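Order of the sequence lines sets the chain letters (A, B, ...), proteins ahead of strands, with each chain counted from 1. Model, not experiment: these values are computed from the prediction.
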Amino acid sequence: MSPRYDFAAMEAKWRPRWREAGLYSTPCEPDRPKLYCLDFFPYPSGSGLSVGHGKNYVPTDVVCRKRRLEGYNVLHPMGWDAFGQPAEEYAIRVHQHPAVTTARNAANYRRQMDVFELSYDWSREVFSSDPAYYRWTQWFFLLLFKRGLAYQDVHPQWWCPRCRIVLSNEQASSGQCWRCETELTRKQLKQWYFKITGYADRLLEGLDRVVWPEGIKAMQRNWIGKSEGARIVFTVVDVHGRQHDLPVFTTRIDTIYGATFCVVAPEHPVVEIATTADQDAAVRSYVAQAVKKTDTERKAADDREKTGVFTGAYAINPFNQEGIPLFVADYVLPDYGTGAIMAVPAHDRRDFAFARRYTLPIREVISPDGVVHGDLDHASEEPGVLVNSGPFSGLESHEAMQRMGVYAEHEGFGCLTTDYRIHDWLISRQRYWGAPIPIVHCPSCGAVPVPEEQLPVHLPDLVDFEPDESGRSPLARCEEWVRTPCPSCGGPAARETDTMDGFACSSWYFLRFASPGYSEGPVDPEALAYWLPVDLYVGGAEHAVMHLLYARFWTKVMYDAGLVDFDEPFTVLKNQGMMLGEDGRKMSKSLGNVVTPDQMAQRYGADALRLFLLFIGPFETDVAWQESGIAGVHRFLKRVWSLVVESADDGVPGPEPYDEHARDLAYHVHKTIRKVSLDIDNFEFNTAVAALMEFLNYLYSLRERRTALGSTWGFAIESLVRLLSPMTPFISEELWEYMGRSGSVHRQAWPKWDEDALVRAMTLVMVQVNGKIRDKLQVPAGASQEEVVAQALLLPTVARYMGGALPARVVYVQDRLLSLVSA
RNA sequence: GCGAGAGUGGCGGAACUUGGUAGACGCGCUGGACUUAGGAUCCAGUCCCUCACGGGGUAGGGGUUCGAGUCCCCUCUCUCGCACCA
């Protein structure tokens, strides 16, 4: 009586044996190639893993397992993005200390990852909230500080009233809190920044050298938002007759003679200075309501109507000394460029709309053909030939920009320059659960860095860690922690009470895995040199402009400091598609459509769960979960089980029979080895699984004749088990043992295909007449065109369509297709 | 508006790298076998029209070619990201 396919028993049997044998420990044998394959650093949430997480983790696990079998040294680690806002929000919600909830949630994640039997080397597990880890996060802060890349400044900040925390621009994208989607407000605060803007150009350039999805690169380019233009200083005269500079940024300096008014953002300081008495009331009320609006309201997509108010003041265009009215309007953004623009209604659609509404003059200065057309009914934004532009008339736009830039610089009222949309990275958080910023504020010495040998600055164990209404960090309430001598003068001083953004922790974690216990620095230089950079980095697209941009920035800083010899940390990046609920909507607790790995593994086994996650659809595509599908792959595994078991029960296979059937079988084995190998390398797991299913169906068709196929059958069965091993580790190992093979299937060499076995004796040639398939023909491989044509013409269908005539034209694709064209 | 990507059976998707049997593989469905039973297993079928011969078919329209899901042009639809960035 053959054993049944009992996945639960297999899992219970092999898990402890593999742990004991250290099956997933990281080998580091010289003379072997290496693979550093990393999954995104997860924040262990309280709700645990859903099957959707497996859509990311299982494919990378399969790649790692296959590479191990191919003799690679594979680094495949996992750790926890334990510090930061999400972990802290959770702790606040459940009224438990974040150290407790984080440890518990991480343990649960790890347990669930083990349900998937992911082959992480858990001896390298790291927590970003561990002092042995954040010591080096702080060390990196000091590195940035010393290099002039960390500074304090007062700016209006994005503030989430619900989370009671400031957010970086990246976290506040679209004016809402990245965590709770609350509408953000602005708050004027002194905060720490990292000078990521100084790396804008290099962050752009580096994108050309990495193998990342185009969409992610595009998002980063868009976020950095480089635009080349000019800064031109207009002059505004205030009510007292004093002159003030009003710099504007423009990408179209060639249109400057068409400027008929200027506009500043409601927040612009010149409003206060220059507004005339008779316009004062109108301006005040406009500014008040504009500033009150939320960011989304101000940028509301369906209401682009331009509004604004005349300040009563005039700005002088330095190119023609013309005084043009100065408006305040909220379509000009305070954060971009200088917060002030010259408005050229003839050649900018926004300015055009504004000019129409307030009946301001529209002056054409660019023409496609150098002829003045007058009376524009819309803004023409194309470059062209300058008209009405004083000495620059007649020049082509591109040349005019250069010449006018040079002229402005020579005259001292402007220059060509580049502006970026990206702002410096706001790093400080008024929160408890993060790495303390290693700075001491001294009344006499100012902001003093904590000396490296005093790191880490330990996070005190606060009972009361919730943020209050003060807008200060809970750490500020811990006086004994705050009070400290100044490292410089020894006098009484106070610690910085803000902690670092959680994204600081994840900006370097990929280094730590190379040598997780190292204490002389963030990473052992030897391990760094061997493992880094990350060869394959896999995770969701939601971190496109946060984590992925910050980590690239830190890496470039490390490179400049001589710490690493690469400046792009992630050579290849892939984004997995999202797993939706069975109802096609996003899996979420509130919708009640979450499917957990625990449920599925219990019902169908870890192998079926893994296999289905690979099979359900293309890696990068979003797909809806369907339980009937996992039942399908479970059925497949049962079929594998019974076929392999009965083959093993047959005993030692007979000698190789050199017949047609055995050759055909060998062909299919090698074809499958090839297909599965290449598909895994290309992240096409769904078709790799399909190929194995096809192969099994083929083997089933030979089932009755298997003993006659001798050792070729044994080879086919063995290959099936080995090809499955990275995808379905348990059944593969159990069958390997059942077949009486020694050692673990996970320590065998990955099968290789034999090109010679892929050459077929006979081949099927499609026969087309006048472009339509009419018949097919079995011919010996390598048959000549003449032979094939001769045979084809004898086919009754072909003869009928050819009408007995000889083909006027023949196209023959060797061994595949014959196309006959009648006259 | 800008950027990225996608439109193929009842469903998820193959074939797109290299133009050459469209619908692999799985789900679902239909019929049959075995069975006390079966949400177990096995076998057969399953793009549409047609009794058949045959014809049609990859969002729509043009084009290149002996031959187009695949290449080129135009249009439409959808998803994602950014969005008054001067």
Side-chain angles (χ1 to χ4, degrees), chain A residues 4 173-174 213-223 225-227 229-230 248-253 255 263 265 298-301 303-306 329-333 335-344 347-351 353-354 381 419-422 541-542 544-545 575 578 584 611-612 615-618 620-633 635-636 638-639 642 675 678 682 684 686-697 700 703 764-776 807-813 816-822:
Chain A
R4 293 178 51 82
S173 170
S174 78
E214 273 314 309
I216 300 289
K217 291 193 192 182
M219 280 189 241
Q220 293 214 347
R221 289 193 187 103
N222 185 47
W223 186 259
K226 180 175 184 165
S227 69
V248 304
F249 177 73
T250 177
T251 53
R252 290 299 300 276
I253 188 177
T255 65
V263 187
R298 232 162 114 168
K299 292 182 178 175
D303 178 20
R304 289 278 168 100
E305 205 173 343
K306 309 277 179 287
D330 66 4
Y331 82 89
V332 172
L333 306 175
D335 300 329
Y336 187 74
T338 60
I341 62 158
M342 63 175 205
V344 184
H347 306 291
D348 181 288
R349 70 182 73 172
R350 297 152 304 181
D351 298 342
F354 192 83
E381 298 184 327
D419 239 340
Y420 299 88
R421 206 178 78 115
I422 192 174
E542 67 275 8
V545 288
N575 296 127
M578 212 192 320
L611 196 62
F612 183 53
F615 183 61
I616 189 167
E620 334 57 69
T621 310
D622 294 351
V623 276
W625 177 259
Q626 34 180 336
E627 189 163 341
S628 57
I630 192 174
V633 296
R635 202 144 42 227
F636 165 76
K638 280 192 283 191
R639 276 158 54 83
S642 52
K675 175 77 176 155
L678 297 178
N682 294 326
E684 289 165 351
N686 54 334
T687 51
V689 177
L692 286 164
M693 289 174 164
E694 211 173 340
F695 183 49
L696 185 73
N697 290 342
Y700 261 75
R703 195 177 186 179
L764 191 64
V765 172
M766 308 314 298
V767 182
Q768 290 185 349
V769 178
N770 293 330
K772 286 199 185 290
I773 306 279
R774 294 302 179 185
D775 211 337
K776 44 201 155 188
R809 189 172 165 198
V810 175
V811 178
Y812 180 57
V813 182
R816 295 181 73 179
L817 176 126
L818 176 71
S819 183
L820 303 174
V821 186
S822 65

Note to self: Less than 4.0 angstrom between a side-chain N/O of A:R816 and OP1 or OP2 of B:G67, yes or no?
What the structure shows: no
Note to self: What's the gap between B:G20 and B:C71 when it is taken at their P atoms, as a whole Å value?
What the structure shows: 11 Å
Checklist line | Pair of N/O donor and acceptor under 3.5 Å linking B:C66 base with A:S819 side chain | finding: yes
Item checked: Approximate separation, where rounding is to 0.5 Å, of A:M219 CE and A:N222 CG -> 9.5 Å
Next item on the list: Identify, between A:V813 and A:E684, the residue whose nearest nucleotide on RNA chain B lies closer to the 5' end.
Entry: A:E684
Check: Does the ring of A:F354 carry A:K306 above it, NZ/CZ under 6.0 angstrom from centre and within 45° of its axis?
Finding: no
Checklist line | d(CZ, A:R639; C1', B:A40) in whole Å | finding: 14 Å
Notebook entry, point to check: Just checking A:L820: base, sugar-phosphate only, or nothing, at a heavy-atom cut-off of under 4.0 Å?
Noted result: nothing
Next item on the list: Look through every strand shown and name the nucleotide pairing with B:A22 as Watson-Crick or G-U wobble, where both distances are under 3.5 Å.
Entry: none
Next item on the list: Could you check which of B:A14, B:C84, B:U21 has an atom nearest any side-chain atom of A:L764?
Entry: B:U21
Margin query: Could you tell me how far apart A:K675 (NZ) and B:U17 (P) are, to the nearest whole angstrom?
Written below: 13 Å
Item checked: Residue-phosphate contact under 4.0 Å: A:K772 side-chain N/O, B:G56 OP1/OP2 -> yes
Margin query: Does A:Q768 contact B:G20 through a side-chain donor or acceptor facing the base, at a distance under 3.5 Å?
Written below: yes
Next item on the list: Assign A:R774 to base, sugar-phosphate, or nothing according to its heavy-atom contacts below 4.0 angstrom with the strands shown.
Entry: sugar-phosphate
Next item on the list: Using atom CD1 of A:I773 as one end and atom P of B:U21 as the other, report the distance to the nearest whole Å.
Entry: 6 Å
Notebook entry, point to check: Hey, is the side chain of A:N686 poking within less than 4.0 Å of OP1 or OP2 on B:A14, counting only N and O atoms?
Noted result: yes
Notebook entry, point to check: P atom, B:U46 versus B:A22: distance in rounded Å?
Noted result: 16 Å
Check: Say you pick atom C1' in B:C11 and the same atom in B:C80; how far apart are they, in whole Å?
Finding: 23 Å
Checklist line | Below 4.0 Å: OP1/OP2 of B:G26 and any side-chain N or O of A:N697 | finding: yes
Check: Rounding to a whole Å, what distance do you find between A:R252:CZ and B:A86:C1'?
Finding: 11 Å
Notebook entry, point to check: Side chain of A:D419, backbone of A:S227: donor and acceptor closer than 3.5 Å?
Noted result: no
Notebook entry, point to check: Atom CG of A:D622 to atom P of B:U79: distance rounded to whole Å?
Noted result: 12 Å
Note to self: Rounded to whole Å, how long is the line connecting atom NZ of A:K226 with atom P of B:A86?
What the structure shows: 14 Å
Notebook entry, point to check: Rounded to the Å, how far apart are A:K638 NZ and B:U41 C1'?
Noted result: 8 Å
Next item on the list: Among B:A86, B:U21, B:A24, find the nucleotide with the atom closest to the side chain of A:A690.
Entry: B:A24
Note to self: So A:G337, base contact, sugar-phosphate only, or nothing? Heavy-atom distance under 4.0 Å.
What the structure shows: nothing
Next item on the list: May I ask which nucleotide in the shown strands pairs with B:U79, Watson-Crick or G-U wobble, both distances under 3.5 Å?
Entry: B:A4
Notebook entry, point to check: B:U36 and B:C29: how far apart are their C1' atoms, nearest whole angstrom?
Noted result: 27 Å
Margin query: Looking at A:S628, I'd like to know whether one of its side-chain N or O atoms comes within less than 4.0 Å of OP1 or OP2 on B:G26.
Written below: no
Next item on the list: State whether A:K306 places a side-chain N or O below 4.0 Å from either non-bridging phosphate oxygen (OP1 or OP2) of B:C84.
Entry: no
Next item on the list: For A:I341, report the nucleic acid contact type (base, sugar-phosphate, nothing); a contact means any heavy atom under 4.0 Å.
Entry: base
Notebook entry, point to check: Side-chain N or O of A:R635 less than 4.0 angstrom from OP1 or OP2 on B:C27?
Noted result: yes
Checklist line | A:D622 (side chain) donor-acceptor with A:M578 (main chain) under 3.5 angstrom | finding: yes
Check: With syn defined as a glycosidic torsion within 90 degrees of 0 and anti otherwise, which applies to B:G9?
Finding: syn
Note to self: Mind checking if A:P213 touches a base, just sugar-phosphate, or nothing, with heavy atoms under 4.0 Å?
What the structure shows: nothing
Next item on the list: Ignoring the backbone of A:F615, work out which of B:U21, B:G26, B:A4 is nearest its side chain.
Entry: B:G26
Item checked: Side chain of A:V821 (C-beta onward), nearest among B:C66, B:A15, B:A86 -> B:C66
Next item on the list: Once you apply the 3.5 Å cut-off to both distances, tell me the Watson-Crick or G-U wobble partner of B:C29, or none.
Entry: B:G45
Next item on the list: Write down the distance separating the C1' atoms in B:C48 and B:G23, rounded off to the nearest Å.
Entry: 13 Å
Next item on the list: Taking atom C1' in both B:G57 and B:U50, compute the distance separating them and give it to the nearest angstrom.
Entry: 15 Å
Checklist line | Separation of the C1' atoms in B:G38 and B:C47, to the nearest angstrom | finding: 32 Å
Next item on the list: Looking at every strand, decide which applies to A:R221 at a 4.0 Å heavy-atom threshold: base, sugar-phosphate, or nothing.
Entry: nothing
Check: Contact class for A:S642 vs. all strands (heavy atom < 4.0 Å): base, sugar-phosphate, or nothing?
Finding: nothing
Notebook entry, point to check: If you measure from the P atom in B:C27 to the same atom in B:U35, how many Å do you get, rounded?
Noted result: 25 Å
Check: Is there a Watson-Crick or G-U wobble partner for B:A37 with both distances under 3.5 Å, and if so, which one is it?
Finding: none
